[in-house]
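In what follows, chains are A, B, ... by sequence order, proteins preceding strands, each numbered from 1. Keep in mind that the numbers below use all heavy atoms, side chains included, and drop hydrogens, waters and symmetry copies.
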There are 2 protein chains.
Amino acid sequence: MEKKHDNFDLDNLDIQILSILMNDASIPYTEIAKKLIVSGGTIHVRMKKMEEMGIIRGSNLIINPQKVGFDITAFLGIYLEKGSQYNHAVEQLKQVKEVVELHYCTGAYSMFAKIICRDTTHLRKVLNEDIQSVKGIQRTETIISLEESIKRQISLT
Amino acid sequence: MEKKHDNFDLDNLDIQILSILMNDASIPYTEIAKKLIVSGGTIHVRMKKMEEMGIIRGSNLIINPQKVGFDITAFLGIYLEKGSQYNHAVEQLKQVKEVVELHYCTGAYSMFAKIICRDTTHLRKVLNEDIQSVKGIQRTETIISLEESIKRQISLT
DNA sequence: GTTGAAAAGTGCTGCGA
DNA sequence: TCGCAGCACTTTTCAAC
């Protein structure tokens with residue numbers, strides 16, 4: 001049977017269950033079952049299968065960072081002296097809790113990070129004290145987000 | 001009473017509840033109550049308060065994009081011809097479902113996007129057909145993520 | 001694989017302190 | 001403001017299809 005895209009062992013029902021829960025993980029299985037016209041037990045079986053397959057990583061409560069005092073989102077292009085210092089730098093940056101994403105990437109930068117800080121003073125402290133002090137990091141370029149216009153999950157359909 | 005940081009009207013209990021649920025939204029209130037040595041009802045009241053304050057945006061099921069066939073994460077620096085075209089460009093980019101984040105930002109780029117695609121063919125199609133065709137977008141620079149080393153929420157404590 | 005219903009666990013509400 | 005107890009709802013399991 002030909003599908004539009006190869007989604008491994010997932011059928012349409014799986015994809016639809018994921019699509020619903022990706023936007024709101026608190027929707028009860030019974031309600032999903034009604035919407036997709038299957039029984040609650042089926043939703044449960046499918047979810048369990050997808051958890052075992054490692055497709056589902058877990059669930060997050062999404063908060064508004066600004067409302068808890070974190071006002072600044074910034075992206076950081078990081079230049080490493082040598083590529084071989086990557087693993088060490090990752091371990092160091094894991095200790096910096098303001099770093100919420102870190103990517104090893106192509107292009108001019110060796111690594112690319114997303115960080116969230118309380119204010120400009122906090123940002124400066126993280127950049128100067130925490131990031132720049134990591135061995136192997138040569139220099140960084142900072143892009144500050146003034147507005148987050150889109151923030152969503154991928155659409156599977 | 002002096003606190004380490006100003007978290008608006010949140011006390012330590014609120015922060016601890018959020019910290020737990022941000023990492024796993026499926027943990028039952030009763031278990032949180034036991035851990036923090038308060039009643040389940042108290043957790044409920046605090047959560048309701050924070051929902052009304054707009055601190056809690058909702059909850060997401062976190063999936064592994066690679067396991068559902070989305071193998072490429074890329075960041076896009078976008079140059080606009082004129083800053084005034086920002087609002088229009090945002091509306092256009094909202095229609096491109098591969099764009100999962102969009103920021104209005106400082107620095108060389110006018111806007112900064114995160115996109116998730118199935119493969120290189122898909123990425124090329126999104127860049128050439130969907131992104132470049134948006135009126136006002138002059139050119140883009142693409143940074144492809146080869147590995148996501150860190151992916152987490154901010155730590156409130 | 002799916003169903004439907006029973007059993008176990010959790011969320012919600014109101015009263016009392 | 002918090003804690004306790006009862007009710008409603010959800011999740012989980014399982015025999016049968």
[X] vs [Y] side-chain heavy atoms within contact, under 4.5 Å:
X	Y	result
B:Val100	A:Gln153	no
B:Leu156	B:Ile154	yes
B:Leu13	B:Arg46	yes
A:Val126	A:His122	yes

### Task
Assign B:Thr42 to base, sugar-phosphate, or nothing according to its heavy-atom contacts below 4.0 angstrom with the strands shown.
sugar-phosphate
### Base versus backbone protein contacts along nucleotides 10-17 of chain D [heavy-atom cut-off under 4.0 Å; B, S, -]
SBSB----
### Task
Check whether any side-chain nitrogen or oxygen of B:Arg46 sits under 4.0 Å from OP1 or OP2 of D:dC2, and answer yes or no.
yes
## Note on the structure
Bend of the helix from C:dG1-D:dC17 to C:dA17-D:dT1 from end-axis comparison, five pairs per end, nearest 10°, comes to 20°
### Query
Between the main-chain N or O of B:Val99 and the side-chain N or O of B:Lys114, is there a donor-acceptor pair closer than 3.5 Å?
no
### Message
Please check: side-chain N/O of B:Glu98 versus main-chain N/O of B:Leu123, any donor-acceptor pairing under 3.5 Å?
### Response
no
### Query
Which heavy atom of A:Phe112 sits nearest a heavy atom of B:Ile143, and at what distance?
CE1-CD1, 4.1 Å
### Summary
chain B reaches DNA chain C, atoms under 4.0 Å from its heavy atoms, from C:dT10 to C:dT13
